[in-house]
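Numbers here simply count residues along the sequence, with the first being 1.
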Amino acid sequence: MEIKRTYKFRFYPTFEQETMLAQTFGCARFFYNHMLRVRSDAGYTEKKRIGYHATSSLLTELKKEPEFEWLNKVSSVPVQQSLRHLQAAFGNFFAKGTQYPSFKRKHDK
């Protein structure tokens, strides 16, 4: 018989860690919302679908633009993960009939 246990930990970040976490969450939220807008506009106006690989290459192009150079200051892993979350949201929408993906807000859950 296997016993499963859970542990609950509390995280008290320093000021520098809080700043880095806020920047990381903000970049991930910005890119999720930006790609949701791009995919929605392409779907409504041009009647074409943009997939994960196209949005991933758009991320690379966006990071090279001077006005979005602040995306390079954070780790790319959370930003890529937000793309995967967006892809899963669209997959669920088209497969299961769930609600259309919504934009993320700063003070959501």
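Around atom CD of Glu65, more than 12 heavy atoms belonging to other residues, nucleotides or ligands sit under 6.0 Å away.
From Met20, atom CE reaches atom NZ of Lys73 across 9.5 Å, with rounding to the nearest 0.5 Å. Between the NZ atom in Lys64 and the CG atom in Leu71 there is a gap of 13.5 Å [rounded to 0.5 Å]. Atoms CG and OG, from Leu36 and Ser82 in turn, are 11.0 Å apart once rounded to the nearest 0.5 Å.
Considering every non-hydrogen atom in both Met35 and Leu83, the closest pair reads CG-CD2, 3.8 Å. Contact detail for Ser75 and Val79: the closest heavy-atom pair is O-CG2, 3.9 Å. Closest heavy-atom contact between Arg39 and Gln87: NH1-OE1, 3.1 Å. Residue Ala28 comes nearest to Pro78 through the heavy atom pair CB-O, 4.0 Å, listed as atom of the first residue, atom of the second, then distance. Taking each heavy atom of Lys63 and Ser76 in turn, the nearest pair found is NZ-CB, 3.5 Å.
Cation-pi geometry between Arg49 and Phe90 is not met: the NZ or CZ atom fails to fall both under 6.0 Å from the ring centre and inside 45° of the normal.
A distance-only check finds a donor-acceptor pair linking the side chain of Thr98 to the backbone of Asn92 [under 3.5 Å]. No donor-acceptor distance shorter than 3.5 angstrom exists from the side chain of Asn33 to the backbone of Phe103, with no hydrogens or angles considered. Formation of a donor-acceptor pair under 3.5 Å by the Ser56 side chain with backbone atoms of Tyr52 is not found in this model.
Linking ILVMFWY side-chain heavy atoms closer than 4.5 Å, directly or via other members, places Trp70 and Leu59 in a single hydrophobic cluster. Residue Tyr32 is not grouped with residue Phe25 when hydrophobic side chains (ILVMFWY) are merged at heavy-atom distances under 4.5 angstrom, including chains of intermediate members. With hydrophobic clusters built from ILVMFWY side chains whose heavy atoms lie under 4.5 angstrom apart, Leu21 does not share a cluster with Phe30.
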*Give the C-alpha distance, both sets of side-chain angles, the deciding distance and a yes or no for side chain to side chain donor-acceptor pair (under 3.5 Å) between Gln81 and Arg84.*
CA-CA 5 Å; Gln81 187 62 40; Arg84 289 187 198 98; 3.1 Å; yes
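Relative ring orientation between Phe68 and His34 is described as tilted, the plane-to-plane angle lying within the 30° to 60° band.
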